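On a predicted model such as this, the values are computed, not experimentally measured, just so you know. Each ligand, and each atom within it, is numbered from 1 in the order the structure gives.
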Amino acid sequence: MIYYHNNKPFIEGVSIEEIARSHVTPFYIYSQNKIEDTFKKLKRTLNAEIFYAVKANSNQAIIKLMATLGAGADVVSVGELERAIVAGVNPKKIIFEGIGKTNKDISFAISKNIRLINVESIDELQRINSIAFEQNKIIDIGIRLNPNIDGHTIDKISTGKKTDKFGIDTEKLADIFQVLETTKNVNLIGISCHVGSQLFNINVFSEIFKKMKKNAQLFIDKGHSIKHVDLGGGLGVTYQQNEKVLKLELVKSEMDKCFENVAYQLSFEPGRYLVANAGILVTSIITIKDNGGINFLITDAGMHSLIRPALYRAHHDLEAVDKSNNELIAYTVAGPICESSDIFDKDISLPKQKVGNLLIIKDTGAYGKVMASNYNSRGLPAEILVRNNAFSQIHKPLNSQELISQDTIPEWLD
Ligand code: LLP
């Protein structure tokens with residue numbers, strides 16, 4: 001996505017250094033064309049309905065862009081639901097899921113006339129039914145199943161094993177069928193699953209498809225009119241060169257093999273796949289120091305701007321903007337937060353750097369800004385969208401005064 005012109009990095013037609021002249025680092029940049037191309041490729045290849053998992057990047061401009069491209073939205077909180085509606089997603093293209101929905105959340109979702117609420121427990125099913133009954137409505141629902149599949153991904157982002165907290169255990173189907181006989185204010189129209197993030201193994205997709213087909217049939221046999229089978233998100237993206245790429249065509253051929261002649265529609269709810277590789281985080285080097293023989297580059301981005309390396313030991317390629325020095329140095333790149341886990345990468349070889357230089361942290365369009373925090377009372381990064389030769393700031397973070405003003409000192413401390 002980044003290319004160099006006269007040794008200066010560009011995204012689409014925009015110079016990254018030019019953005020850095022008018023915006024305080026660290027900031028995220030997203031490429032609209034890259035997102036559009038990825039979406040179109042995904043849609044064309046899978047030929048299924050796409051519900052964008054808003055959690056990956058919930059900026060209003062990004063959700064709006066997805067809606068414009070024809071995506072629906074997969075939301076997991078009232079906040080995300082409001083975001084999707086305000087960004088202009090048609091409520092009939094919104095799926096509301098999430099492992100912990102309060103009665104208030106459920107009432108809110110019902111009031112918005114969305115496509116469906118995905119139920120994650122028998123208790124929740126009963127609560128949705130009671131709320132719908134009180135409101136004298138019949139609500140479309142889906143059941144999120146836990147198909148007990150190992151996605152062969154990192155443990156912290158696995159969601160589809162029996163021991164994960166998500167979905168309803170497929171061994172409990174008999175209980176669901178029984179409860180559904182009494183819950184007359186819900187109308188079951190779909191089933192869904194999400195086995196985890198960063199799925200690459202085609203056998204995993206094949207197992208998901210087969211189990212979902214089998215389960216859909218069990219519901220149909222019980223007289224439920226299943227219109228949608230949602231196959232989840234998790235489509236893997238590469239974070240390093242030479243990593244194996246997920247072949248969407250293979251996913252599609254497994255899908256076709258499994259779901260020949262079924263009467264229901266298939267859908268996916270990807271987040272990362274659509275945005276991860278379309279984003280970068282730009283940061284400045286605050287200071288350079290040698291501690292115990294380790295060359296530390298301390299940047300103004302840290303675990304408060306991008307927590308994935310600290311939280312999951314996730315890898316993001318780092319690139320120096322200034323490559324003019326021929327001397328290569330093994331640097332450990334760390335953020336400014338007072339925690340030893342605030343490290344982006346260790347011993348990476350970069351051309352010798354100076355204080356003030358820019359570094360680019362790549363593939364940060366998903367689960368970057370959305371997981372950022374104000375830890376150490378540091379600011380959140382701005383977000384910038386680039387399209388052709390233009391760029392626009394799509395998120396302006398609160399300044400320190402605005403942040404401080406969110407706190408209230410009780411009168412007894414005054
Ligand atoms: N659907 C459901 C029900 C999900 O829980 C998720 C992600 C998705 C779809 C989208 O998954 P994706 O296509 O983006 O892999 N913060 C972690 C990722 C957590 C994903 C949680 N659920 C990370 O930075 O890797």
Side-chain angles (χ1 to χ4, degrees), residues 28 35 38-39 42 46 48-58 62-63 66 71-77 80-81 84 94-101 116-121 124 142-147 149 151-161 164-168 190-201 204-205 208 212 228-239 246 248 251 267-279 281 303 305-316 344 361-373:
Y28 282 92
I35 295 174
T38 310
F39 181 87
L42 184 72
L46 296 182
E49 197 170 4
I50 303 294
F51 295 92
Y52 169 56
V54 164
K55 64 171 80 67
N57 185 326
S58 55
I62 302 296
I63 304 175
M66 294 297 177
D74 165 65
V75 301
V76 291
S77 69
E80 285 190 355
L81 176 53
I94 299 179
I95 292 177
F96 179 43
E97 47 193 331
I99 175 76
K101 305 181 195 77
L116 58 81
I117 301 179
N118 255 338
V119 178
E120 296 232 15
S121 67
E124 192 183 287
I143 301 270
R144 176 170 174 183
L145 297 172
N146 182 321
I149 295 174
H152 299 293
T153 182
I154 42 176
D155 219 30
K156 284 186 177 158
I157 53 176
S158 158
T159 52
K161 281 185 283 181
D164 294 320
K165 66 181 173 181
F166 301 97
I168 297 179
I191 57 168
S192 76
C193 72
H194 173 71
V195 159
S197 261
Q198 283 296 73
L199 306 181
F200 286 97
N201 188 329
V204 170
F205 286 100
I208 295 172
M212 290 306 279
H228 308 275
V229 173
D230 188 315
L231 302 165
L235 301 165
V237 307
T238 53
Y239 283 98
L246 173 69
L248 283 181
V251 176
S267 58
F268 287 87
E269 43 188 54
R272 186 190 318 261
Y273 190 86
L274 295 172
V275 286
N277 299 140
L281 176 61
M303 63 192 286
S305 347
L306 173 72
I307 200 172
R308 303 192 71 254
L311 190 60
Y312 313 121
R313 293 181 191 273
H315 172 90
H316 287 268
F344 287 121
I361 308 177
K362 294 189 179 171
D363 305 311
T364 48
Y367 306 110
K369 166 62 179 50
V370 281
M371 293 177 79
S373 74

Under a 4.0 angstrom heavy-atom cut-off, which atoms of ligand 1 come close to [X]?
| X | value |
| --- | --- |
| G233 | 13 (O) |
| R144 | 3 (C) |
| P270 | 13 (O) |
| E97 | 3 (C) |
| S197 | 11 (O), 12 (P), 15 (O), 20 (C) |
| M371 | 16 (N) |

Heavy-atom distances under 4.0 Å decide this one: backbone, side chain, both or neither, for [X] against ligand 1?
| X | answer |
| --- | --- |
| D74 | side chain |
| R308 | side chain |
| Y273 | neither |
| E269 | both |

Name all residues meeting the ring pair (Phe, Tyr, Trp, His ring centres under 6.0 Å) criterion together with F200; count only those two or more places apart in sequence or in a different chain, and write none if there are none.
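Listed in chain order: nothing, the list is empty.
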Are [X] and [Y] close enough that some pair of their side-chain heavy atoms sits under 4.5 Å apart?
| X | Y | answer |
| --- | --- | --- |
| H316 | F344 | no |
| Y273 | I50 | no |
| I307 | Y367 | no |

Do any N/O atoms on G196 end up under 3.5 angstrom from N/O atoms on ligand 1?
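Among all N and O atoms of G196, none is under 3.5 Å from an N or O of ligand 1.
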N/O of Q198 under 3.5 Å from N/O of ligand 1, yes or no?
no
Walk me through it: do V275 and M66 pass the test side chain to side chain contact (heavy atoms under 4.5 Å, CB included)?
CA-CA 10 Å; V275 286; M66 294 297 177; 3.7 Å; yes
What's the spacing between F51 CZ and N118 CG if we round to 0.5 Å?
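Answer for the CZ-CG pair, F51 versus N118, is 9.5 Å.
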Step-by-step side chain to side chain contact (heavy atoms under 4.5 Å, CB included) determination, M212 to D230:
CA-CA 9 Å; M212 290 306 279; D230 188 315; over 6 Å; no
Do NZ/NE/NH1/NH2 and the carboxylate oxygens of K55 and D74 come within less than 4.0 Å?
yes
Please verify whether a non-hydrogen atom of G234 lies at under 4.0 Å from ligand 1.
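Distance cut 4.0 Å: G234 passes for ligand 1.
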Please check: side-chain N/O of E120 versus main-chain N/O of I168, any donor-acceptor pairing under 3.5 Å?
no
